[in-house]
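Report on the structure given below.
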There are 2 protein chains.
Amino acid sequence: MKLITRNTDYALRALCYISKNKNIVTVDELVEKLGVPRPFMRKILQRLNKRKILDSFKGQGGGFRLKALPEKIYVIEIMRIFQGKVVLNRCFLKKDVCPNKGKCVLRKKIGIIEDNLFKQLKEITIASLA
Amino acid sequence: MKLITRNTDYALRALCYISKNKNIVTVDELVEKLGVPRPFMRKILQRLNKRKILDSFKGQGGGFRLKALPEKIYVIEIMRIFQGKVVLNRCFLKKDVCPNKGKCVLRKKIGIIEDNLFKQLKEITIASLA
DNA sequence: AATTAATGATACCACATTAGTCTCATTTGT
DNA sequence: ACAAATGAGACTAATGTGGTATCATTAATT
Ligand code: FES
Ligand code: FES
């Protein structure tokens, strides 16, 4: 299993590239540099824009720019955008709420691991990658 | 995204239950206790048998028993059986091998996290869950 | 005002993975 | 012989991933 999907991967690369450019960056530039299919790249950028990671500018001379500082953009957040909340397991019983939640050892142990994972992921920002 | 699938989850629960029983356990017993669909449970147990986690006995009075000690059965191994090797990301370029592998910061950072994750997962055994 | 170069929004499609079901064969105790 | 158990493998449904395609909107250039 993969913990990081292409969506996320491309998004991270795009953000790194954009963070290194003071000017706004167009899809075409990113496509050329990263070798990602154009329509797919567009979709990813649009999503980052909706989630306020990027600012976008329409029309001639338009493109994308980081909305926040690269130091404030966390990998874990990008993962959440494209892969949903990262969770070890949602408990299995057909009816969503698990009666056993309190005393479930697996969940408890896994919870600890989850926390550590997050702690580490939180320390990785676009700035630290670029 | 879920890090643990139902397969794995059910397998872990089944193993926990079996580990608490000195006697061999039948599918029907597990189905009753865990509320997992019978054919699915069967498939999971068969797979655990093939991977030498369980011993199986056919015929009347048959069923399943742990093959190894609960202290020696690691969650990470069960995950690998049902979810394949756990990997943060396989690099994206269409042609599998990535020319950038050496100097890729993302991969490096992620590699560290991966290692830590494994270290933690390796310490969780069936014994520690049951 | 028309053109052109950019993004926004949305619907669609192909493939892989996950989560199962179903059927028949085989083994073994009674 | 029969019943009670697993083994093996084909099949199906739902979901997630990785895209494509189309049309609408905005804004600078001419
Ligand atoms: S959370 Fe439901 S049994 Fe663990
Ligand atoms: S491993 Fe290929 S770019 Fe990071």
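Each chain gets a letter, A, B and so on, in the order its sequence line appears, and its residues count up from 1.
Note: CD (A:Gln83) to P (C:dT17) measures 15 Å, nearest angstrom. To the nearest angstrom, C1' of C:dG20 lies 15 Å from CG of B:Leu45. A:Met41 has its CE atom 12 Å from the P atom of D:dT20, to the nearest Å. Atoms CZ (B:Arg47) and C1' (C:dG20) sit 13 Å apart, rounded to a whole Å. Counting to the nearest Å, the P atom of C:dT18 and the CD1 atom of B:Ile4 are 13 Å from each other. Summarising the geometry, the separation between NZ on B:Lys67 and P on D:dT6 is reported as 16 Å, rounded to the nearest angstrom. Following rounding to the nearest Å, A:Phe64 (CZ) and C:dA5 (P) show an atom-to-atom distance of 17 Å. What separates CD1 of B:Ile53 from P of D:dT6 is a distance of 18 Å, to the nearest Å.
Taking the side chain as every heavy atom from C-beta outward, A:Pro70 and A:Leu66 approach each other to under 4.5 Å. Using a 4.5 Å cut-off on side-chain heavy atoms (C-beta onward), B:Thr26 and B:Phe64 make no contact.
Listed nucleotides: C:dA19, D:dG19, D:dT17. Nearest to the side chain of B:Phe40: C:dA19. Counting only heavy atoms from C-beta on, A:Asn49 has its side chain closest to C:dG8 among D:dG18, C:dA6, C:dG8. When the nucleotides D:dG7, C:dT7, D:dA5 are ranked by their closest atom to the side chain of B:Ser56, D:dG7 comes out on top.
Residue B:Ile24 shares its hydrophobic cluster (ILVMFWY side chains chained together at separations under 4.5 Å) with B:Phe57.
Under the 4.5 Å side-chain heavy-atom criterion for ILVMFWY residues, no single connected hydrophobic cluster contains both A:Val87 and A:Ile112.
The main-chain N or O of B:Thr5 is found under 3.5 Å from a side-chain atom of B:Gln83 such that the two form a donor-acceptor pair.
A:Tyr10 has no side-chain polar atom (N or O) that falls below the 4.0 Å cut-off from OP1 or OP2 of D:dG18. Phosphate contact (OP1/OP2 of C:dA19, side-chain N/O of B:Thr5, threshold under 4.0 Å): present.
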Atom pairs and distances, donor-acceptor, side-chain atoms in residues 117-130 of chain B, under 3.5 Å, two or more places apart:
{"residue": "B:Gln120", "atom": "OE1", "partner": "A:Asn116", "partner atom": "ND2", "Å": "2.7"}
{"residue": "B:Thr125", "atom": "OG1", "partner": "B:Ala127", "partner atom": "N", "Å": "3.3"}
{"residue": "B:Thr125", "atom": "OG1", "partner": "B:Ser128", "partner atom": "N", "Å": "3.2"}
{"residue": "B:Ser128", "atom": "OG", "partner": "B:Thr125", "partner atom": "N", "Å": "3.1"}
{"residue": "B:Ser128", "atom": "OG", "partner": "B:Thr125", "partner atom": "O", "Å": "2.9"}

Considering only distance and modelled atom types, tabulate donor-acceptor pairs under 3.5 Å from the side chains of residues 28-38 of chain A, sequence neighbours left out.
{"residue": "A:Asp28", "atom": "OD1", "partner": "A:Arg38", "partner atom": "NE", "Å": "2.6"}
{"residue": "A:Glu29", "atom": "OE2", "partner": "A:Tyr17", "partner atom": "OH", "Å": "2.5"}

List the atom pairs, with distances to 0.1 Å, where a side-chain N or O of residues 72-79 of chain B and a protein N or O form a donor-acceptor pair under 3.5 Å, not counting sequence neighbours.
none

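Between B:Lys50 and B:Asp28, it is B:Asp28 whose nearest contact on DNA chain D lies nearer the 5' terminus.
To the nearest 0.5 Å, the span separating CE on B:Met1 from CG on B:Leu3 amounts to 5.5 Å.
With pairs defined as Watson-Crick or G-U wobble and both atom distances under 3.5 Å, the stems of at least three pairs that touch DNA chain C come out as C:1-30 with D:1-30.
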For nucleotides 22-30 of chain C, 5' to 3', base contacts (B), sugar-phosphate-only contacts (S) and non-contacts (-) with protein non-hydrogen atoms under 4.0 Å give -B--BBBBS
